[in-house]
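Some notes on the structure that comes next.
What you see is a predicted model, and the numbers here were worked out from it, not measured in a lab. Chain A is the first sequence line, chain B the second, and so forth, proteins listed ahead of strands; every chain is numbered from 1.
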Number of protein chains: 2
Amino acid sequence: MRWMALEVMKTPRSAQTPKKLDDAARAAWLAYVAGKTQDEIARLLGVSRQSAQRLVSQAMQAGLVKVRIDHPISTCLDLSARLQDRFGLALCEVVPALSSEAEAGQAVAHRLADLIEDRLSAEAPVTLGIGTGRTLRAAVEHLPRIDCPQHRIVSLTGNVAPDGSTSYYNVLFTLGEKVTAQTFPLPVPVIASTQSERDALLGQSTLAPALRLAHGAQFRIMGIGTMDSAAPILRDGFVDDATLTRVRGKGAVGEIFGFPFDGEGALIDDEVTGRVCSVALTTESAVERIAAAHGRSKVPALRAAIAGRLISGLITDENTAASLLGP
Amino acid sequence: MRWMALEVMKTPRSAQTPKKLDDAARAAWLAYVAGKTQDEIARLLGVSRQSAQRLVSQAMQAGLVKVRIDHPISTCLDLSARLQDRFGLALCEVVPALSSEAEAGQAVAHRLADLIEDRLSAEAPVTLGIGTGRTLRAAVEHLPRIDCPQHRIVSLTGNVAPDGSTSYYNVLFTLGEKVTAQTFPLPVPVIASTQSERDALLGQSTLAPALRLAHGAQFRIMGIGTMDSAAPILRDGFVDDATLTRVRGKGAVGEIFGFPFDGEGALIDDEVTGRVCSVALTTESAVERIAAAHGRSKVPALRAAIAGRLISGLITDENTAASLLGP
DNA sequence: TCTGCTCTCGGGCATTTACTCACTTTCCGC
DNA sequence: GCGGAAAGTGAGTAAATGCCCGAGAGCAGA
C-alpha cells in the first residue's frame, strides 16, 4: 500500500469535492456546449467572472471536457489506411503532424488515452496488460477518471528499476486508481542479472496470479524501445553498453518488454533474451497488441515489430507514418 | 426534385471544397486537441492568423467540432434518474438550465441531435420516423454531415401545410441530405378536412411504401403539441378555434402527430381524431419513441404523454424536468 | 477585353479569456 | 484559541480571439 500513500501525497487536494467538480462541469457545459461567455456563466452561477474562469479551467484540467473533430483529415486517414493495408495492421490511427516531436508525442498519447478509455468503457470485464514507456505514461495523464471496477490491469513487464526504485509502478497504479480497477504489478526488474535469477524471480508463487492474468490479457499496450545509444533499456540501466552493442551486432533493431528483435521482428538469440522477466510476446491475432510510438528514431524498430506481427495496432503521427511507408 | 433544387439554391457555396474542410479540420484539431493558439496554427499551416481563425470557425460552423462534458452534472443526472424511475421512461436526458426558454430549446435540440447521430451511427439499417416541431428542426440544424446511406427516414405525419406549401418537407429533406439517407415524405396535410378525405389521401397507392415504412420505424422522434392558444395545430391552421375549444372541452391537454389526448394520454374521442393523416401512435416498447420538449407550457402535455406511455424517452431541460416531478 | 460580381485576404479594433499578484478565508495541528 | 499553510477571491493586465471593413484576386457574362 506504500504506493497508494505516495499517490495520495502527490495529489493532496486534487481530489476536489464533488460539488466543486459539479459546478466546474456546469460551467464547462455552459461555456462549450451552450457557448456562453464567462461573464454570462458567472451571472448564471452567481459567482464572479474570475471564479467562472477558474471553474472552466478546472474542468479542463480535470479532463472533463472532451473534444473530438468529426472529420477525418484526409492525409491522416490516407496514411492510416495505407499502413493498415500494406502491413496488415488491425488498427492504425494517425494524428496530424505538429512542429516538434514532443508535441507529436502528446498528441499520440492523447489518442492512446482515448483508445484506452474506449476499451475500458466496455461493460464486460477486460484484462488490460501494459508495458512501459513515455507515451503510455503521458496517455495515463490524459485519461479522465472513469469508474470501471470490473476491469483488471496487469503489468506485462517488471516494475522495478535497477536501483530498486519503484517509479515504474506509478503508471500502473495511477491508471488503476483513475479507472478504479484492480492492479497487478510484477515486482521484478525488467531484465534480471542471470537467467537463473530470472527463473527464480518469476517462479515466486505470489507472482503466479499476476502472470496468469498477464498471459490472458486480451488487450495489450506496449512500448517500442530503440536499440540506439538512447535505448531505454540502456538508459534505465537494465543492460550495459557491451550487451547492447553485442545484441545490436546480432541485428537487434528494437525491443518490446525488454525482448530484443531483429529487422524481421524475430527474437534475437542471445543470453540477454533469457534474462528478460516479461511476459512472452505473442503474435496471436486474438490479443489486441497496440503500440503507440512516434519519432524518426523509432522507425526501424516499428518496421520490424510490424513485420514480425509483434503488434496488431499502431498509433502514431503523420511524419512517422510517412516514414514507415517511405523507402 | 423541386425541394432539392431549393436546397441547393439555399446553400450556394456552403458545400465547401473538401480540401478546405480538410484544412478546417486540421486547424480545429490543432486548436482544440493540441491546444495551439491561432497564431501557431497560422504558422504551422502557412496562412495568416485571420485565415486560421476563419478555418477554425468554419470547422465549428460545419459542426466538425464535438464537445462533450464527461461529468454528469449531479442535479441533471438526479432529475433524469427520478424521471426514469417515477414514470418508467426507458431513456431520459436532462440538460442544465439556462436563463431563457429559447436557449434551453437550443440545448435540448443539441442533445437530440447527439442522440440522432448516435442512433444513425449504427451499421445496421435503421428506419427513423420523424414528426414535426421546432425542436426537431433545430436538432437537424445541429446535426453534422454523416454518411449512412443504409438508413431510411420516413415522415410520420403529413408534410403539407394547409396553404399547400411544403415547408414541412424541409426538416425531412435536410435531415436526409445531411446523413445521405433515403427519405420518404407523406405528402398529405396533417389533418384532412373530412374523414373520407383522410381515407382517400392515405389510400393512395403511392403512399403505401412510406406508410409501411412508417409503421415499421423502430426509432421515432416526436414533437409534443400543446392545446392552449399557442397550439401548433391551431397556428398552422389545421384546426379552427371551435374545434380546439371542443376537444379541449373533452379533456385534451396535448397532441402528438395531430392526435389529441387527455390527461391520461388516452386519445380523445372526437371527429377530428378521425381526420388525422398520421401514423397511429403506439405504446409498444420495442419502438423507441423519443420526445424532445421543454418549457412550462408543455408540462401538462408531457405528463399526459408519459402517463399514457405515448413516449418511451424524453429529452428536456432542468426546469421542465423539475416541473414534471413537481406537484 | 472589360465589367461587375463574389470570394478571400489581411489590418485594425472591441471583446473575451488567461494569468499574475496581493489579499482573505478556511482548515489544520498544536 | 492560535499560528501557519493552503485554497479561494478579486483586481489588474497581457494575450488571444472574434469580427468588421476595405482591398485585391478570380471568374462569368457581355
Side-chain angles (χ1 to χ4, degrees), chain A residues 5-67 69 98-100 103 106 142 145, chain B residues 5 7-67 69 71 98-99 103 106 142:
Chain A
L6 261 166
E7 245 332 283
V8 171
M9 281 177 62
K10 273 181 59 184
T11 56
R13 305 276 168 152
S14 87
Q16 314 266 4
T17 147
K19 167 82 179 123
K20 259 268 132 34
L21 260 192
D22 215 78
D23 283 348
R26 187 176 286 260
W29 189 90
L30 290 165
Y32 292 100
V33 182
K36 301 259 161 212
T37 82
Q38 297 182 349
D39 251 315
E40 296 172 300
I41 297 169
R43 221 169 310 126
L44 281 165
L45 263 53
V47 297
S48 71
R49 193 184 64 74
Q50 291 88 335
S51 301
Q53 197 275 332
R54 243 165 242 132
L55 285 173
V56 174
S57 104
Q58 273 165 26
M60 300 233 56
Q61 194 101 37
L64 263 49
V65 182
K66 283 281 165 50
V67 183
I69 307 298
L98 282 158
S99 40
S100 76
E103 290 177 318
Q106 286 297 306
H142 285 132
R145 292 182 181 274
Chain B
E7 249 329 289
V8 171
M9 280 179 64
K10 271 179 64 184
T11 57
R13 304 276 168 152
S14 87
Q16 314 266 4
T17 147
K19 169 80 180 126
K20 259 268 128 43
L21 259 191
D22 213 77
D23 283 347
R26 186 176 286 261
W29 188 90
L30 290 164
Y32 292 100
V33 182
K36 301 261 162 212
T37 81
Q38 298 184 348
D39 253 313
E40 297 172 297
I41 297 170
R43 219 169 312 123
L44 282 165
L45 265 54
V47 298
S48 71
R49 191 188 67 78
Q50 290 85 341
S51 301
Q53 198 274 332
R54 244 167 243 132
L55 285 173
V56 174
S57 103
Q58 273 164 24
M60 301 234 55
Q61 194 100 38
L64 263 47
V65 182
K66 282 281 164 51
V67 182
I69 306 298
H71 182 90
L98 283 157
S99 41
E103 289 176 318
Q106 287 295 306
H142 285 133

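- The distance from atom CG of A/Asp23 to atom CD1 of A/Ile41, rounded to the nearest 0.5 Å, is 12.0 Å.
- For B/Ala59, the side chain to side chain contact (heavy atoms under 4.5 Å, CB included) partners at least two apart in sequence or on another chain are B/Ala24, B/Ala28, B/Leu64, B/Val65.
- Remark: B/Gln53 is in phosphate contact with D/dG18, judged by side-chain N or O atoms under 4.0 Å from OP1 or OP2.
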Pair B/Leu45, B/Leu55 - check side chain to side chain contact (heavy atoms under 4.5 Å, CB included), show working. CA-CA 11 Å; B/Leu45 265 54; B/Leu55 285 173; 3.9 Å; yes
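- Residue pairs satisfying the salt bridge (Lys or Arg N to Asp or Glu O under 4.0 Å) criterion with at least one member in residues 42-64 of chain B, sequence neighbours excluded, are absent.
- When the side-chain nitrogen and oxygen atoms of B/Ser57 are compared with OP1 and OP2 of D/dG18, none of them lie within a distance under 4.0 Å.
- Remark: A/Lys66 NZ to B/His71 NE2 distance equals 13.0 Å, nearest 0.5 Å.
- Remark: P of D/dA16 and CZ of B/Arg43 are 10 Å apart, rounded to the nearest angstrom.
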Atom pairs, N/O to N/O, protein against nucleotides 25-27 of chain D, distance under 3.5 Å?
none

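- A/Gln50 CD: more than 12 foreign heavy atoms inside a 6.0 Å radius.
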Polar atoms only, N or O, under 3.5 Å: list the protein pairs with nucleotides 11-16 of chain C and their distances.
from, atom 1, to, atom 2, distance (Å)
C/dG11, N7, B/Gln50, NE2, 2.6

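- For the atom pair OG1 (B/Thr37) and CD (B/Gln53), the distance works out to 12.0 Å, reported to the nearest 0.5 Å.
- Nearest heavy atoms, A/Val56 versus A/Tyr32: CG1-CE1, 3.8 Å.
- When the side chain to side chain donor-acceptor pair (under 3.5 Å) test is applied to B/Ser51, the partners found at least two apart in sequence or on another chain are B/Ser48.
- Atom-to-atom, CG of A/Leu55 to C1' of C/dC19 comes out at 16 Å; the value is rounded to the nearest Å.
- For the helix from C/dT1-D/dA30 to C/dC30-D/dG1, the rotation axes defined at the first and last 5 base pairs enclose an angle of 40°, given to the nearest 10°.
- Between B/Met60 atom CE and D/dC19 atom C1' the separation is 16 Å, expressed in whole Å.
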